[in-house]
Amino acid sequence: MASVGPSAASTQPDLPSGAAVFKTIPYAFILPEIVCGTWVWILVAATSVSLPLLQGWVMYVSLTSCLISLLLLLSYLLGFHRNSENWKVLDSLYHGTTAILYMSAAVLQANATINSEYGINANYQLNSAASFFAFLTTFLYILHAFSIYYQ
């Protein structure tokens with residue numbers, strides 16, 4: 001009787017749960033994404049928001065992605081995924097989509113920073129720090145999405 005080779009599911013690496021989330025490379029990006037994203041909306045909220053249409057989108061993207069990433073981190077910590085392959089697809093799609101949305105928010109925040117350089121209520125330092133963290137968070141989401149995709 002010929003033995004059947006290992007199935008495709010057994011050759012895939014296991015999804016981490018518990019404290020192992022912070023030790024595996026794609027999933028270790030979740031906590032820095034949350035921290036940097038939190039800095040984005042704190043810094044934008046601290047400004048006078050002279051351009052509400054631009055910075056409103058930045059606040060929306062940063063706040064919702066921070067909350068969804070926090071829920072995703074909690075689901076990995078508590079082991080809700082049960083090592084299902086669908087969670088990898090969900091994680092990759094979420095982080096890819098969020099990277100695109102965060103890139104648009106980072107560009108709008110950079111535009112608000114440029115406009116606040118010579119404005120009356122100049123919060124240039126806060127806006128430039130928010131722009132830096134927005135681009136850093138975008139980079140973290142891109143790294144996470146590609147590392148899941150290539151794993």
Which value, rounded to the nearest 0.5 Å, describes the distance between [X] atom [atom1] and [Y] atom [atom2]?
X    : Y    : atom1 : atom2 : answer
L70  : L31  : CG    : CG    : 9.5 Å
I114 : Q109 : CD1   : CD    : 10.5 Å
F29  : L143 : CZ    : CG    : 4.5 Å
M103 : L108 : CE    : CG    : 11.5 Å
L140 : Y102 : CG    : OH    : 10.0 Å
I68  : S75  : CD1   : OG    : 11.5 Å

>> Please tell me whether S65 and T98 have a donor and an acceptor in their side chains that are separated by less than 3.5 angstrom.
In response: no

Write down the atom of [X], the atom of [Y], and the distance for their closest heavy-atom approach.
X    : Y    : result
V58  : A105 : CG2-O, 3.2 Å
T138 : A134 : OG1-O, 2.8 Å
A145 : G96  : CB-N, 3.6 Å

Are [Y] and [X] connected into the same hydrophobic cluster when the rule is that any two of I, L, V, M, F, W, Y join if their side-chain heavy atoms are below 4.5 Å apart?
X    : Y    : answer
L90  : L77  : yes
Y124 : F135 : no
V107 : M59  : no

> Mind checking what makes side-chain hydrogen bond (donor to acceptor under 3.5 Å, both in side chains) contact with S69, not counting sequence neighbours?
Replying inline: Y94, Y141

> Quick one: does N111's side chain get under 4.5 Å of N115's, heavy atoms only?
Replying inline: yes

>> Using side chain to side chain contact (heavy atoms under 4.5 Å, CB included), reason through S116 and N123 one step at a time and then give a plain yes or no.
In response: CA-CA 6 Å; S116 72; N123 289 319; 5.6 Å; no

Sequence neighbours excluded and cut-off under 3.5 Å, please list the side-chain donor-acceptor pairs for residues 32-44, or say none.
unit_1: E33; atom_1: OE1; unit_2: H95; atom_2: NE2; d: 3.0
unit_1: E33; atom_1: OE2; unit_2: H144; atom_2: ND1; d: 3.4
unit_1: T38; atom_1: OG1; unit_2: I34; atom_2: O; d: 2.6

> Are the side chain of S131 and the backbone N or O of N127 linked by a donor-acceptor pair below 3.5 Å?
Replying inline: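 Pair found, side chain donor or acceptor close to backbone of N127.
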
